[in-house]
Number of protein chains: 2
Amino acid sequence: MISMKTDLKTDRELSAQIADAIRNAIIDGSLIVDERLPSEAELSEQFHVSRPTVREALKRLAAQNLIRTRRGATGGAFVNRLRFEEAYGQQITTSTLLLSMNDVDFETACEARFTLERACVALSAKRHTGDHMATMRAEIHRQSQPGLSDEAFCASDVAFHRALVDGAQNPVLSYQLAGAIEAIEPLMNMITFSARSREEIVALHTEIANAIEAGNGNAANKTLERLAEYTVELANTVFQKRKQK
Amino acid sequence: MISMKTDLKTDRELSAQIADAIRNAIIDGSLIVDERLPSEAELSEQFHVSRPTVREALKRLAAQNLIRTRRGATGGAFVNRLRFEEAYGQQITTSTLLLSMNDVDFETACEARFTLERACVALSAKRHTGDHMATMRAEIHRQSQPGLSDEAFCASDVAFHRALVDGAQNPVLSYQLAGAIEAIEPLMNMITFSARSREEIVALHTEIANAIEAGNGNAANKTLERLAEYTVELANTVFQKRKQK
DNA sequence: CAGCTTTAATTGTCTGACAAATGATTTCTA
DNA sequence: TAGAAATCATTTGTCAGACAATTAAAGCTG
(Lines give C-alpha, C1' and ligand atoms only; values in the text may rest on other atoms or scores of the structure.)
Protein backbone atom coordinates (compact mmCIF):
# COMPACT_ATOMS: atom_id res chain seq x y z
CA MET A 1 0.00 0.00 0.00
CA ILE A 2 1.47 3.32 -1.08
CA SER A 3 -0.47 5.61 1.17
CA MET A 4 -3.82 5.31 2.78
CA LYS A 5 -4.70 8.85 1.91
CA THR A 6 -6.56 7.73 -1.18
CA ASP A 7 -9.06 10.56 -0.80
CA LEU A 8 -8.24 12.29 -4.04
CA LYS A 9 -9.47 15.83 -4.58
CA THR A 10 -11.43 16.81 -7.65
CA ASP A 11 -9.68 20.09 -8.28
CA ARG A 12 -6.50 18.64 -9.72
CA GLU A 13 -5.74 15.99 -12.27
CA LEU A 14 -5.96 12.55 -10.75
CA SER A 15 -2.74 11.41 -12.42
CA ALA A 16 -0.86 14.30 -10.82
CA GLN A 17 -2.20 13.49 -7.37
CA ILE A 18 -1.37 9.82 -7.73
CA ALA A 19 2.13 10.68 -8.92
CA ASP A 20 2.51 12.93 -5.88
CA ALA A 21 1.41 10.17 -3.52
CA ILE A 22 3.88 7.70 -4.96
CA ARG A 23 6.66 10.30 -5.13
CA ASN A 24 6.13 11.13 -1.47
CA ALA A 25 6.23 7.46 -0.61
CA ILE A 26 9.63 7.26 -2.29
CA ILE A 27 10.93 10.39 -0.61
CA ASP A 28 9.85 9.42 2.88
CA GLY A 29 11.17 5.91 2.48
CA SER A 30 7.91 3.94 2.40
CA LEU A 31 9.09 2.70 -0.97
CA ILE A 32 12.73 1.77 -1.09
CA VAL A 33 15.13 1.44 -3.99
CA ASP A 34 14.42 -1.47 -6.32
CA GLU A 35 11.12 -2.19 -4.62
CA ARG A 36 8.38 -3.17 -7.00
CA LEU A 37 5.25 -1.06 -7.12
CA PRO A 38 1.87 -2.77 -7.34
CA SER A 39 0.85 -3.58 -10.90
CA GLU A 40 -1.08 -0.98 -12.85
CA ALA A 41 -4.25 -3.02 -12.35
CA GLU A 42 -3.74 -3.10 -8.59
CA LEU A 43 -2.94 0.60 -8.45
CA SER A 44 -6.10 1.47 -10.35
CA GLU A 45 -8.08 -0.51 -7.77
CA GLN A 46 -6.30 1.09 -4.81
CA PHE A 47 -6.84 4.60 -6.11
CA HIS A 48 -10.23 3.90 -7.68
CA VAL A 49 -9.19 5.16 -11.08
CA SER A 50 -8.76 3.63 -14.51
CA ARG A 51 -5.57 2.10 -15.77
CA PRO A 52 -4.81 4.89 -18.29
CA THR A 53 -4.92 7.36 -15.42
CA VAL A 54 -2.53 5.24 -13.39
CA ARG A 55 -0.28 4.99 -16.41
CA GLU A 56 -0.19 8.76 -16.84
CA ALA A 57 0.88 9.02 -13.21
CA LEU A 58 3.63 6.46 -13.71
CA LYS A 59 4.89 8.25 -16.81
CA ARG A 60 5.23 11.43 -14.78
CA LEU A 61 7.44 9.56 -12.34
CA ALA A 62 9.39 7.91 -15.14
CA ALA A 63 10.10 11.36 -16.60
CA GLN A 64 11.79 12.25 -13.31
CA ASN A 65 13.79 9.04 -13.35
CA LEU A 66 12.09 7.94 -10.14
CA ILE A 67 10.88 4.62 -11.53
CA ARG A 68 11.68 2.23 -14.34
CA THR A 69 9.30 -0.30 -15.87
CA ARG A 70 9.74 -3.71 -17.35
CA ARG A 71 7.26 -5.86 -19.19
CA GLY A 72 6.67 -9.52 -18.67
CA ALA A 73 5.82 -12.00 -15.95
CA THR A 74 8.12 -10.56 -13.29
CA GLY A 75 7.86 -7.06 -14.71
CA GLY A 76 6.29 -3.96 -13.29
CA ALA A 77 7.40 -0.57 -12.07
CA PHE A 78 10.43 -0.41 -9.79
CA VAL A 79 11.84 2.39 -7.70
CA ASN A 80 14.99 3.66 -9.36
CA ARG A 81 18.22 4.35 -7.59
CA LEU A 82 18.78 7.91 -8.71
CA ARG A 83 22.43 8.18 -9.70
CA PHE A 84 24.52 11.30 -9.99
CA GLU A 85 25.51 10.54 -13.57
CA GLU A 86 21.88 10.23 -14.65
CA ALA A 87 20.83 13.32 -12.75
CA TYR A 88 23.39 15.42 -14.62
CA GLY A 89 21.37 15.40 -17.82
CA GLN A 90 18.19 16.61 -16.22
CA GLN A 91 20.07 19.24 -14.29
CA ILE A 92 21.79 20.54 -17.41
CA THR A 93 18.59 20.65 -19.45
CA THR A 94 16.79 22.58 -16.75
CA SER A 95 19.65 25.01 -16.20
CA THR A 96 19.97 25.66 -19.92
CA LEU A 97 16.26 26.38 -20.29
CA LEU A 98 16.26 28.60 -17.22
CA LEU A 99 18.97 30.76 -18.75
CA SER A 100 17.39 31.04 -22.17
CA MET A 101 13.80 31.48 -21.05
CA ASN A 102 14.52 34.09 -18.43
CA ASP A 103 16.88 36.14 -20.56
CA VAL A 104 19.69 35.80 -18.06
CA ASP A 105 22.55 37.91 -19.33
CA PHE A 106 25.96 36.46 -19.96
CA GLU A 107 27.55 38.34 -17.12
CA THR A 108 25.18 36.95 -14.50
CA ALA A 109 25.54 33.39 -15.73
CA CYS A 110 29.28 33.78 -15.95
CA GLU A 111 29.52 35.21 -12.48
CA ALA A 112 27.58 32.27 -11.05
CA ARG A 113 29.68 29.77 -12.89
CA PHE A 114 33.08 31.15 -11.97
CA THR A 115 32.09 31.94 -8.42
CA LEU A 116 31.08 28.32 -7.86
CA GLU A 117 34.06 27.00 -9.72
CA ARG A 118 36.51 29.06 -7.71
CA ALA A 119 34.99 27.53 -4.62
CA CYS A 120 36.07 24.09 -5.81
CA VAL A 121 39.67 24.66 -6.85
CA ALA A 122 41.11 24.57 -3.34
CA LEU A 123 39.72 21.07 -2.89
CA SER A 124 40.72 20.10 -6.40
CA ALA A 125 44.29 21.19 -5.78
CA LYS A 126 44.43 18.93 -2.75
CA ARG A 127 42.65 15.87 -4.08
CA HIS A 128 42.95 15.62 -7.87
CA THR A 129 44.22 12.39 -9.40
CA GLY A 130 46.33 11.72 -12.46
CA ASP A 131 43.16 11.13 -14.46
CA HIS A 132 41.94 14.64 -13.82
CA MET A 133 45.27 16.15 -14.76
CA ALA A 134 45.43 14.03 -17.90
CA THR A 135 41.98 15.20 -18.98
CA MET A 136 42.84 18.83 -18.35
CA ARG A 137 46.11 18.58 -20.28
CA ALA A 138 44.42 16.77 -23.14
CA GLU A 139 41.71 19.42 -23.42
CA ILE A 140 44.28 22.20 -23.31
CA HIS A 141 46.11 20.47 -26.14
CA ARG A 142 42.90 20.15 -28.14
CA GLN A 143 42.18 23.83 -27.62
CA SER A 144 45.47 24.84 -29.15
CA GLN A 145 44.85 22.90 -32.35
CA PRO A 146 44.58 25.40 -35.22
CA GLY A 147 41.63 24.07 -37.24
CA LEU A 148 39.25 23.78 -34.30
CA SER A 149 35.72 25.15 -34.75
CA ASP A 150 34.32 27.60 -32.22
CA GLU A 151 31.81 25.02 -31.07
CA ALA A 152 34.45 22.37 -30.53
CA PHE A 153 36.55 24.92 -28.66
CA CYS A 154 33.63 25.63 -26.32
CA ALA A 155 32.94 21.95 -25.80
CA SER A 156 36.57 21.41 -24.90
CA ASP A 157 36.42 24.38 -22.56
CA VAL A 158 33.49 22.77 -20.78
CA ALA A 159 35.33 19.45 -20.55
CA PHE A 160 38.37 21.17 -19.06
CA HIS A 161 36.35 22.91 -16.40
CA ARG A 162 34.41 19.79 -15.52
CA ALA A 163 37.65 17.90 -14.99
CA LEU A 164 38.82 20.76 -12.81
CA VAL A 165 35.70 20.49 -10.66
CA ASP A 166 35.68 16.70 -10.62
CA GLY A 167 39.15 16.90 -9.14
CA ALA A 168 37.56 17.92 -5.86
CA GLN A 169 36.32 14.34 -5.66
CA ASN A 170 33.03 15.37 -4.19
CA PRO A 171 30.11 14.00 -6.22
CA VAL A 172 27.69 16.51 -4.73
CA LEU A 173 29.87 19.38 -5.90
CA SER A 174 30.29 17.87 -9.34
CA TYR A 175 26.56 17.46 -9.67
CA GLN A 176 25.70 20.99 -8.61
CA LEU A 177 28.40 22.44 -10.81
CA ALA A 178 27.39 20.48 -13.89
CA GLY A 179 24.38 22.72 -14.43
CA ALA A 180 26.31 25.93 -13.93
CA ILE A 181 29.15 24.92 -16.24
CA GLU A 182 27.27 23.26 -19.07
CA ALA A 183 24.30 25.59 -19.22
CA ILE A 184 26.55 28.45 -20.20
CA GLU A 185 27.84 26.62 -23.27
CA PRO A 186 25.02 27.79 -25.59
CA LEU A 187 25.81 31.37 -24.57
CA MET A 188 29.53 30.85 -25.12
CA ASN A 189 28.75 29.44 -28.54
CA MET A 190 27.58 32.86 -29.62
CA ILE A 191 31.11 34.14 -29.19
CA THR A 192 33.62 34.04 -32.01
CA PHE A 193 37.01 33.12 -30.60
CA SER A 194 39.87 34.74 -32.43
CA ALA A 195 43.27 33.05 -32.57
CA ARG A 196 44.50 35.73 -30.18
CA SER A 197 41.79 35.11 -27.60
CA ARG A 198 42.21 31.36 -27.85
CA GLU A 199 45.88 31.76 -27.08
CA GLU A 200 45.04 33.84 -24.06
CA ILE A 201 42.52 31.30 -22.78
CA VAL A 202 44.87 28.38 -23.35
CA ALA A 203 47.55 30.23 -21.44
CA LEU A 204 45.22 30.77 -18.50
CA HIS A 205 44.07 27.15 -18.61
CA THR A 206 47.68 26.01 -18.55
CA GLU A 207 48.41 28.27 -15.61
CA ILE A 208 45.42 26.82 -13.76
CA ALA A 209 46.41 23.23 -14.52
CA ASN A 210 49.93 23.91 -13.32
CA ALA A 211 48.70 25.44 -10.10
CA ILE A 212 46.36 22.52 -9.48
CA GLU A 213 49.12 20.03 -10.14
CA ALA A 214 51.38 21.90 -7.73
CA GLY A 215 48.64 21.75 -5.11
CA ASN A 216 48.43 25.53 -5.08
CA GLY A 217 44.69 26.20 -4.83
CA ASN A 218 45.25 29.86 -4.12
CA ALA A 219 47.09 30.49 -7.35
CA ALA A 220 44.52 28.53 -9.31
CA ASN A 221 41.80 30.60 -7.73
CA LYS A 222 43.42 33.83 -8.75
CA THR A 223 44.00 32.72 -12.32
CA LEU A 224 40.43 31.55 -12.52
CA GLU A 225 39.38 35.03 -11.51
CA ARG A 226 41.41 36.47 -14.35
CA LEU A 227 39.84 33.97 -16.72
CA ALA A 228 36.39 35.04 -15.54
CA GLU A 229 37.21 38.67 -16.18
CA TYR A 230 38.66 37.92 -19.57
CA THR A 231 35.64 35.86 -20.60
CA VAL A 232 33.18 38.60 -19.66
CA GLU A 233 35.33 41.16 -21.43
CA LEU A 234 35.42 39.02 -24.55
CA ALA A 235 31.66 38.54 -24.50
CA ASN A 236 31.07 42.25 -24.00
CA THR A 237 33.05 43.26 -27.06
CA VAL A 238 31.24 40.64 -29.12
CA PHE A 239 27.81 41.73 -27.94
CA GLN A 240 28.64 45.39 -28.38
CA LYS A 241 29.67 44.72 -31.97
CA ARG A 242 26.37 42.90 -32.50
CA LYS A 243 24.45 45.85 -31.15
CA GLN A 244 26.17 48.33 -33.43
CA LYS A 245 25.06 46.44 -36.50
CA MET B 1 4.71 20.77 -36.89
CA ILE B 2 7.00 19.71 -34.07
CA SER B 3 9.60 17.83 -36.01
CA MET B 4 9.47 15.96 -39.25
CA LYS B 5 11.47 13.12 -37.83
CA THR B 6 8.30 11.21 -37.06
CA ASP B 7 10.00 7.92 -37.85
CA LEU B 8 9.61 6.42 -34.42
CA LYS B 9 11.68 3.40 -33.48
CA THR B 10 10.11 0.29 -32.06
CA ASP B 11 12.70 -0.37 -29.41
CA ARG B 12 11.58 2.34 -27.02
CA GLU B 13 8.24 3.41 -25.67
CA LEU B 14 6.46 5.61 -28.14
CA SER B 15 5.42 8.08 -25.46
CA ALA B 16 9.07 8.55 -24.46
CA GLN B 17 10.14 9.20 -28.04
CA ILE B 18 7.34 11.67 -28.60
CA ALA B 19 8.18 13.45 -25.38
CA ASP B 20 11.80 13.66 -26.54
CA ALA B 21 10.80 15.13 -29.89
CA ILE B 22 8.69 17.83 -28.26
CA ARG B 23 11.30 18.50 -25.58
CA ASN B 24 13.97 18.99 -28.22
CA ALA B 25 11.68 21.33 -30.11
CA ILE B 26 11.40 23.42 -26.97
CA ILE B 27 15.13 23.37 -26.27
CA ASP B 28 16.17 24.34 -29.79
CA GLY B 29 13.57 27.06 -29.98
CA SER B 30 11.19 25.59 -32.55
CA LEU B 31 8.54 25.92 -29.88
CA ILE B 32 8.66 29.17 -27.99
CA VAL B 33 7.32 30.15 -24.59
CA ASP B 34 3.53 30.29 -24.38
CA GLU B 35 3.15 28.76 -27.80
CA ARG B 36 0.28 26.32 -28.05
CA LEU B 37 1.02 22.76 -29.06
CA PRO B 38 -1.28 20.99 -31.50
CA SER B 39 -4.25 19.37 -29.80
CA GLU B 40 -3.91 15.80 -28.62
CA ALA B 41 -5.98 14.64 -31.57
CA GLU B 42 -3.71 16.45 -34.01
CA LEU B 43 -0.58 15.13 -32.35
CA SER B 44 -1.84 11.57 -32.52
CA GLU B 45 -2.34 12.04 -36.25
CA GLN B 46 1.09 13.58 -36.76
CA PHE B 47 2.87 10.85 -34.87
CA HIS B 48 0.55 8.06 -36.00
CA VAL B 49 -0.24 6.94 -32.47
CA SER B 50 -3.33 6.87 -30.31
CA ARG B 51 -4.42 9.68 -28.05
CA PRO B 52 -3.55 7.86 -24.79
CA THR B 53 0.02 7.49 -26.05
CA VAL B 54 0.19 11.18 -26.85
CA ARG B 55 -1.21 11.95 -23.43
CA GLU B 56 1.45 9.87 -21.72
CA ALA B 57 4.06 11.84 -23.62
CA LEU B 58 2.51 15.13 -22.55
CA LYS B 59 2.36 14.03 -18.92
CA ARG B 60 6.07 13.33 -19.03
CA LEU B 61 6.67 16.90 -20.16
CA ALA B 62 4.25 18.26 -17.58
CA ALA B 63 6.20 16.43 -14.88
CA GLN B 64 9.25 18.43 -15.92
CA ASN B 65 7.29 21.65 -15.89
CA LEU B 66 7.92 22.12 -19.60
CA ILE B 67 4.23 22.46 -20.50
CA ARG B 68 0.94 23.32 -18.86
CA THR B 69 -2.51 22.28 -20.06
CA ARG B 70 -5.91 23.91 -19.96
CA ARG B 71 -9.26 22.48 -20.88
CA GLY B 72 -11.88 24.13 -22.98
CA ALA B 73 -12.39 25.76 -26.35
CA THR B 74 -9.15 27.75 -26.36
CA GLY B 75 -7.38 25.21 -24.18
CA GLY B 76 -4.57 22.87 -25.01
CA ALA B 77 -0.97 22.36 -24.02
CA PHE B 78 1.28 25.42 -23.84
CA VAL B 79 5.02 25.76 -23.50
CA ASN B 80 5.81 26.88 -19.99
CA ARG B 81 8.22 29.63 -19.12
CA LEU B 82 10.44 27.75 -16.71
CA ARG B 83 10.95 30.03 -13.72
CA PHE B 84 13.67 29.86 -11.13
CA GLU B 85 11.19 29.71 -8.26
CA GLU B 86 9.40 26.72 -9.77
CA ALA B 87 12.63 24.96 -10.64
CA TYR B 88 13.75 25.11 -7.00
CA GLY B 89 11.31 22.40 -5.93
CA GLN B 90 12.44 19.92 -8.54
CA GLN B 91 16.06 20.67 -7.81
CA ILE B 92 15.59 20.15 -4.09
CA THR B 93 13.68 16.89 -4.51
CA THR B 94 16.34 15.49 -6.80
CA SER B 95 19.22 16.59 -4.59
CA THR B 96 17.55 15.12 -1.51
CA LEU B 97 16.99 11.78 -3.20
CA LEU B 98 20.52 11.72 -4.56
CA LEU B 99 21.91 12.09 -1.07
CA SER B 100 19.70 9.47 0.53
CA MET B 101 19.82 6.90 -2.25
CA ASN B 102 23.57 7.02 -2.73
CA ASP B 103 24.42 6.94 0.96
CA VAL B 104 26.32 10.19 0.74
CA ASP B 105 27.84 10.76 4.15
CA PHE B 106 27.14 13.89 6.11
CA GLU B 107 30.67 15.16 5.78
CA THR B 108 30.64 15.07 1.97
CA ALA B 109 27.26 16.77 1.72
CA CYS B 110 28.30 19.34 4.29
CA GLU B 111 31.55 20.06 2.51
CA ALA B 112 29.71 20.68 -0.75
CA ARG B 113 27.18 22.91 0.89
CA PHE B 114 29.59 25.11 2.80
CA THR B 115 32.12 25.26 -0.01
CA LEU B 116 29.45 26.61 -2.35
CA GLU B 117 28.03 28.89 0.27
CA ARG B 118 31.37 30.40 1.09
CA ALA B 119 31.74 31.22 -2.58
CA CYS B 120 28.66 33.43 -2.33
CA VAL B 121 29.29 35.49 0.76
CA ALA B 122 31.69 37.93 -0.86
CA LEU B 123 28.97 38.90 -3.33
CA SER B 124 26.34 38.86 -0.61
CA ALA B 125 28.38 41.23 1.52
CA LYS B 126 28.54 43.67 -1.37
CA ARG B 127 24.98 43.44 -2.66
CA HIS B 128 22.59 42.39 0.09
CA THR B 129 19.49 44.51 0.75
CA GLY B 130 17.64 45.32 3.92
CA ASP B 131 15.23 42.49 3.19
CA HIS B 132 18.01 39.93 3.29
CA MET B 133 19.37 41.31 6.54
CA ALA B 134 15.88 41.39 8.06
CA THR B 135 15.30 37.75 7.17
CA MET B 136 18.64 36.70 8.60
CA ARG B 137 18.04 38.61 11.84
CA ALA B 138 14.53 37.20 12.13
CA GLU B 139 15.74 33.65 11.70
CA ILE B 140 18.52 34.16 14.23
CA HIS B 141 15.91 35.41 16.65
CA ARG B 142 13.71 32.41 16.00
CA GLN B 143 16.65 30.08 16.57
CA SER B 144 17.24 31.49 20.03
CA GLN B 145 13.68 30.85 21.17
CA PRO B 146 13.77 28.25 23.95
CA GLY B 147 10.81 25.96 23.10
CA LEU B 148 11.84 25.40 19.51
CA SER B 149 11.80 21.83 18.19
CA ASP B 150 14.87 20.41 16.50
CA GLU B 151 13.02 20.31 13.20
CA ALA B 152 11.96 23.92 13.43
CA PHE B 153 15.53 24.85 14.34
CA CYS B 154 16.81 23.12 11.20
CA ALA B 155 14.16 24.74 9.04
CA SER B 156 15.15 28.14 10.39
CA ASP B 157 18.80 27.32 9.77
CA VAL B 158 17.97 26.60 6.13
CA ALA B 159 16.01 29.84 5.84
CA PHE B 160 18.94 31.80 7.28
CA HIS B 161 21.41 30.33 4.84
CA ARG B 162 19.13 30.85 1.89
CA ALA B 163 18.75 34.50 2.77
CA LEU B 164 22.53 34.68 3.00
CA VAL B 165 22.90 33.26 -0.51
CA ASP B 166 20.03 35.28 -1.95
CA GLY B 167 21.90 38.36 -0.81
CA ALA B 168 24.28 37.83 -3.72
CA GLN B 169 21.38 38.86 -5.96
CA ASN B 170 22.28 36.33 -8.59
CA PRO B 171 19.31 34.09 -9.43
CA VAL B 172 21.54 31.48 -11.02
CA LEU B 173 23.55 31.18 -7.81
CA SER B 174 20.42 31.02 -5.68
CA TYR B 175 19.03 28.27 -7.85
CA GLN B 176 22.14 26.15 -7.81
CA LEU B 177 22.58 26.61 -4.08
CA ALA B 178 18.98 25.74 -3.25
CA GLY B 179 19.64 22.07 -3.83
CA ALA B 180 22.83 22.00 -1.84
CA ILE B 181 21.35 23.85 1.12
CA GLU B 182 17.93 22.24 1.35
CA ALA B 183 18.93 18.70 0.55
CA ILE B 184 21.02 18.52 3.65
CA GLU B 185 18.08 19.33 5.92
CA PRO B 186 16.90 15.71 6.28
CA LEU B 187 20.41 14.78 7.37
CA MET B 188 20.56 17.68 9.82
CA ASN B 189 17.21 16.57 11.21
CA MET B 190 18.88 13.46 12.56
CA ILE B 191 20.95 15.62 14.89
CA THR B 192 19.73 16.53 18.35
CA PHE B 193 20.67 20.13 19.03
CA SER B 194 21.46 20.75 22.66
CA ALA B 195 20.91 24.16 24.18
CA ARG B 196 24.66 24.56 24.26
CA SER B 197 25.12 23.79 20.57
CA ARG B 198 22.23 26.04 19.61
CA GLU B 199 23.87 28.89 21.44
CA GLU B 200 27.09 28.28 19.57
CA ILE B 201 25.33 28.19 16.20
CA VAL B 202 23.32 31.31 16.93
CA ALA B 203 26.53 33.08 17.91
CA LEU B 204 28.16 32.10 14.62
CA HIS B 205 25.09 33.11 12.65
CA THR B 206 25.11 36.48 14.36
CA GLU B 207 28.76 36.93 13.58
CA ILE B 208 28.09 36.12 9.93
CA ALA B 209 25.14 38.50 9.72
CA ASN B 210 27.21 41.27 11.27
CA ALA B 211 30.04 40.71 8.83
CA ILE B 212 27.64 40.73 5.88
CA GLU B 213 26.00 43.89 7.08
CA ALA B 214 29.41 45.51 7.46
CA GLY B 215 30.24 44.49 3.92
CA ASN B 216 33.08 42.33 5.16
CA GLY B 217 32.87 39.22 2.99
CA ASN B 218 36.22 37.96 4.17
CA ALA B 219 35.17 37.83 7.79
CA ALA B 220 31.88 36.19 6.88
CA ASN B 221 33.77 33.59 4.89
CA LYS B 222 36.00 32.73 7.83
CA THR B 223 33.12 32.44 10.25
CA LEU B 224 31.28 30.26 7.79
CA GLU B 225 34.29 28.00 7.74
CA ARG B 226 34.14 27.72 11.52
CA LEU B 227 30.42 26.96 11.29
CA ALA B 228 31.15 24.21 8.78
CA GLU B 229 33.73 22.66 11.08
CA TYR B 230 31.44 22.91 14.07
CA THR B 231 28.54 21.31 12.20
CA VAL B 232 30.60 18.34 11.08
CA GLU B 233 31.98 17.95 14.58
CA LEU B 234 28.46 18.00 16.02
CA ALA B 235 27.26 15.42 13.54
CA ASN B 236 30.22 13.17 14.22
CA THR B 237 29.59 13.02 17.95
CA VAL B 238 25.93 12.29 17.32
CA PHE B 239 26.67 9.53 14.85
CA GLN B 240 29.38 8.03 17.06
CA LYS B 241 26.90 7.87 19.94
CA ARG B 242 24.42 6.13 17.64
CA LYS B 243 27.03 3.58 16.67
CA GLN B 244 27.92 2.73 20.26
CA LYS B 245 24.35 1.74 21.02
C1' DC C 1 18.76 -33.65 -17.63
C1' DA C 2 18.65 -30.37 -21.51
C1' DG C 3 15.87 -28.18 -24.56
C1' DC C 4 11.45 -26.89 -26.19
C1' DT C 5 6.57 -25.47 -25.45
C1' DT C 6 3.06 -23.62 -22.94
C1' DT C 7 1.24 -20.55 -19.72
C1' DA C 8 0.48 -16.69 -16.79
C1' DA C 9 1.49 -12.04 -15.58
C1' DT C 10 2.47 -7.50 -16.86
C1' DT C 11 3.27 -3.46 -19.51
C1' DG C 12 2.47 -1.13 -24.19
C1' DT C 13 -0.91 0.40 -27.41
C1' DC C 14 -5.40 1.09 -29.57
C1' DT C 15 -10.45 2.17 -30.09
C1' DG C 16 -14.35 4.42 -28.71
C1' DA C 17 -16.94 6.74 -25.59
C1' DC C 18 -18.56 10.24 -22.27
C1' DA C 19 -17.73 13.99 -18.73
C1' DA C 20 -16.09 18.54 -17.64
C1' DA C 21 -14.38 22.94 -18.63
C1' DT C 22 -14.27 27.06 -21.26
C1' DG C 23 -14.48 30.50 -24.70
C1' DA C 24 -17.33 31.84 -28.71
C1' DT C 25 -21.72 32.25 -30.75
C1' DT C 26 -26.38 32.69 -30.95
C1' DT C 27 -30.72 33.66 -29.10
C1' DC C 28 -33.75 35.86 -26.20
C1' DT C 29 -35.46 39.71 -23.57
C1' DA C 30 -36.07 44.35 -21.73
C1' DT D 1 -30.18 47.94 -29.68
C1' DA D 2 -27.71 46.34 -25.44
C1' DG D 3 -27.15 43.06 -22.25
C1' DA D 4 -28.11 38.70 -20.35
C1' DA D 5 -28.91 33.91 -21.00
C1' DA D 6 -28.76 29.77 -23.40
C1' DT D 7 -26.39 26.98 -26.70
C1' DC D 8 -22.53 25.24 -29.19
C1' DA D 9 -17.91 23.73 -30.41
C1' DT D 10 -13.45 22.53 -28.96
C1' DT D 11 -10.35 20.48 -26.01
C1' DT D 12 -8.59 18.02 -22.09
C1' DG D 13 -9.78 14.51 -18.34
C1' DT D 14 -11.40 9.97 -17.39
C1' DC D 15 -13.22 5.47 -18.16
C1' DA D 16 -13.97 0.59 -20.07
C1' DG D 17 -12.46 -3.04 -22.67
C1' DA D 18 -9.57 -5.19 -25.85
C1' DC D 19 -5.36 -7.10 -27.94
C1' DA D 20 -0.24 -7.22 -28.77
C1' DA D 21 4.45 -7.79 -26.98
C1' DT D 22 7.47 -9.30 -23.58
C1' DT D 23 9.26 -12.07 -20.05
C1' DA D 24 10.01 -15.54 -16.63
C1' DA D 25 8.46 -19.65 -14.79
C1' DA D 26 6.21 -24.08 -15.14
C1' DG D 27 5.46 -28.12 -17.66
C1' DC D 28 6.52 -31.32 -21.18
C1' DT D 29 9.44 -34.31 -24.13
C1' DG D 30 13.25 -36.66 -25.96
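These figures come from a predicted structure and were not determined experimentally.
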Under-3.5 Å N/O pairs linking protein and nucleotides 9-15 of chain C:
from: C/dA9; atom 1: N3; to: A/A73; atom 2: N; distance (Å): 3.4
from: C/dT10; atom 1: OP1; to: A/R36; atom 2: NH2; distance (Å): 3.3
from: C/dT10; atom 1: O4'; to: A/G72; atom 2: O; distance (Å): 3.0
from: C/dT10; atom 1: O2; to: A/G72; atom 2: N; distance (Å): 3.4
from: C/dT11; atom 1: OP2; to: A/E40; atom 2: N; distance (Å): 3.1
from: C/dG12; atom 1: OP1; to: A/T69; atom 2: OG1; distance (Å): 3.1
from: C/dG12; atom 1: OP1; to: B/E13; atom 2: OE2; distance (Å): 2.9
from: C/dG12; atom 1: OP2; to: A/R55; atom 2: NH1; distance (Å): 2.8
from: C/dG12; atom 1: OP2; to: A/R55; atom 2: NH2; distance (Å): 3.3
from: C/dG12; atom 1: OP2; to: A/K59; atom 2: NZ; distance (Å): 3.1
from: C/dG12; atom 1: O4'; to: A/R71; atom 2: NH1; distance (Å): 3.1
from: C/dG12; atom 1: O6; to: A/R51; atom 2: NH2; distance (Å): 2.7
from: C/dT13; atom 1: OP1; to: B/L14; atom 2: N; distance (Å): 2.8
from: C/dT13; atom 1: O4; to: A/R51; atom 2: NH2; distance (Å): 3.2
from: C/dC14; atom 1: OP2; to: B/S50; atom 2: N; distance (Å): 2.8
from: C/dC14; atom 1: OP2; to: B/S50; atom 2: OG; distance (Å): 2.9
from: C/dC14; atom 1: OP2; to: B/T53; atom 2: OG1; distance (Å): 2.8

Report all interatomic pairs (protein N or O, nucleotide N or O of nucleotides 25-27 of chain C) with separations under 3.5 Å.
none

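Side-chain N/O atoms of A/N170 and B/E111 include a donor and acceptor closer than 3.5 Å. Residues A/T96 and A/T93 have side chains that never bring a donor and an acceptor to within less than 3.5 angstrom of each other. Counted by atom type alone, A/Q91 and A/Q176 present zero donor-acceptor pairs between their side chains at under 3.5 Å. At a cut-off of 3.5 Å, with distance as the only test, a side-chain donor of B/Q64 or A/Q90 sits close to an acceptor on the other residue. Residues B/H132 and B/R127 have side chains that never bring a donor and an acceptor to within less than 3.5 angstrom of each other. No donor-acceptor contact under 3.5 angstrom links the side chains of A/T129 and A/D131, judged on distance only.
Remark: A/R162 qualifies as a cation-pi partner of A/Y88 under the 6.0 Å distance and 45° angle criteria applied to the six-membered ring.
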